[in-house]
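To keep things clear, I will list the structure first and then write my remarks on it.
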Protein chains: 2
Amino acid sequence: MNKFEIGNEIKQRRKFLKITQQELSEIVGVGLRSLIDIESGKGNPTIDQLQKVLSVLGLTFEIKVKSNE
Amino acid sequence: MNKFEIGNEIKQRRKFLKITQQELSEIVGVGLRSLIDIESGKGNPTIDQLQKVLSVLGLTFEIKVKSNE
DNA sequence: GGCAAATGTGCAACTTATTGCATCTTATTG
DNA sequence: CAATAAGATGCAATAAGTTGCACATTTGCC
């Protein structure tokens with residue numbers, strides 16, 4: 001799962017919850033600019049940033065042993 | 001899954017592969033200091049940093065909808 | 001089409017992560 | 001116990017992420 005896929009997951013989830021980037025950025029406490037970069041896969045956020053966004057969206061991430069894709 | 005748990009997963013996997021932090025840092029191309037911080041949960045690495053480490057260790061991460069824990 | 005909201009971009013200031021080095025504390029092994 | 005390797009910490013310089021602002025582009029709705 002790369003940064004673009006991560007961004008897409010977040011964008012999909014946000015749209016599912018019917019909130020705008022601006023609203024989400026305010027709720028999460030992350031700058032709008034950063035959120036935009038995260039969703040579009042252009043940024044390289046820290047884990048804290050990512051976790052805050054995922055948490056508010058009701059998402060979480062897990063580490064797994066890579067199986068034959 | 002928080003930063004400490006992430007660090008532990010990485011440390012466990014590294015030990016399973018029987019390599020030292022220094023060896024892993026050289027293989028991954030990440031500074032030893034950063035790797036130490038990641039494993040101990042003290043750092044706040046970027047996704048790129050984390051991805052590089054996970055990739056070399058044969059690990060991957062997925063985003064999921066949070067279910068009732 | 002036209003308007004308004006939402007999303008994306010360039011830039012600069014500010015904050016924070018990354019890295020290497022020296023040093024210290026813990027294992028580990030003979 | 002002694003010696004060596006592995007792991008951890010403080011610090012300073014460098015590299016990179018974060019943010020807000022102004023402005024451009026796209027999207028959605030009437």
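Protein chains get the first letters and strands the later ones, always in sequence-line order, with residue 1 at the start of each. All values below come from the heavy atoms of this structure, side chains included, with hydrogens, waters and symmetry mates left out.
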Can you check whether [X] reaches [Y] side chain to side chain, under 4.5 Å on heavy atoms?
| X | Y | result |
| --- | --- | --- |
| B:Leu24 | B:Gln21 | no |
| A:Leu50 | A:Thr46 | no |
| B:Ile47 | A:Ile47 | no |

Without swapping roles, check the side chain of B:Gln12 against the backbone of B:Glu9 for a donor-acceptor pair under 3.5 Å.
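No, the answer is negative, given that no donor and acceptor are paired below the 3.5 Å cut-off.
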Next on the checklist: Donor-acceptor pair, distance only, cut-off 3.5 Å: does the side chain of B:Ser25 make one with the backbone of B:Gln22?
Outcome noted: yes
For the student: nearest non-hydrogen atoms of [X] and [Y], plus distance:
| X | Y | result |
| --- | --- | --- |
| A:Leu35 | A:Val30 | N-CG1, 4.2 Å |
| B:Met1 | A:Phe61 | CB-O, 3.2 Å |
| A:Lys66 | B:Ser55 | NZ-O, 3.8 Å |

Taking [atom1] from [X] and [atom2] from [N], how many angstroms apart are they, rounded to a whole number?
| X | N | atom1 | atom2 | value |
| --- | --- | --- | --- | --- |
| B:Lys42 | D:dA8 | NZ | P | 7 Å |
| A:Gln21 | D:dG20 | CD | P | 14 Å |
| A:Asp37 | D:dG20 | CG | C1' | 13 Å |
| B:Phe4 | D:dA8 | CZ | P | 13 Å |
| B:Ile36 | D:dT9 | CD1 | C1' | 9 Å |
| B:Leu17 | D:dA6 | CG | P | 16 Å |
| B:Asp48 | D:dA15 | CG | C1' | 13 Å |
| A:Ile47 | D:dA16 | CD1 | P | 18 Å |

Q) Among D:dA8, D:dT9, D:dT18, which nucleotide sits nearest the side chain of A:Pro45? A)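 Of all the options, the side chain of A:Pro45 is nearest to D:dT18.
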May I ask you to say what [X] touches in the nucleic acid, namely base, sugar-phosphate or nothing, with a heavy-atom cut-off under 4.0 Å?
| X | result |
| --- | --- |
| B:Gln22 | nothing |
| B:Glu39 | nothing |
| B:Lys15 | nothing |
| A:Ser40 | nothing |

Taken to the nearest 0.5 Å, the spacing of B:Glu26 CD from B:Ile19 CD1 works out to 10.5 Å
Practice problem: Starting at NZ of B:Lys3, measure out to CG of A:Asp48 and round the result to the nearest 0.5 Å. | Solution: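 Separation between the atoms: 3.5 Å.
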For A:Glu39, is there an ion pair with A:Arg14 - N to carboxylate O distance below 4.0 angstrom?
yes
Pairing of B:Asp37 and B:Arg33 as salt bridge, 4.0 angstrom limit:
yes
Its 5'-most and 3'-most nucleotides having an atom under 4.0 Å from a non-hydrogen atom of chain A, DNA chain C is contacted over C:dA6 to C:dA17
| message | Is it the case that the base of D:dG7 and the side chain of B:Arg33 share a donor-acceptor contact (distance under 3.5 Å, atom types as modelled)? | response |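 Counting by modelled atom types and ignoring angles, no donor-acceptor contact under 3.5 Å is found here.
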Sorted by number, residues from residues 25-32 of chain A placing a heavy atom under 4.0 Å from DNA chain C are none
Estimate the overall bend of the helix from C:dG1-D:dC30 to C:dG30-D:dC1 from the end axes over five pairs each, rounded to 10 degrees.
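For the helix from C:dG1-D:dC30 to C:dG30-D:dC1, the axes at either end differ by 70°.
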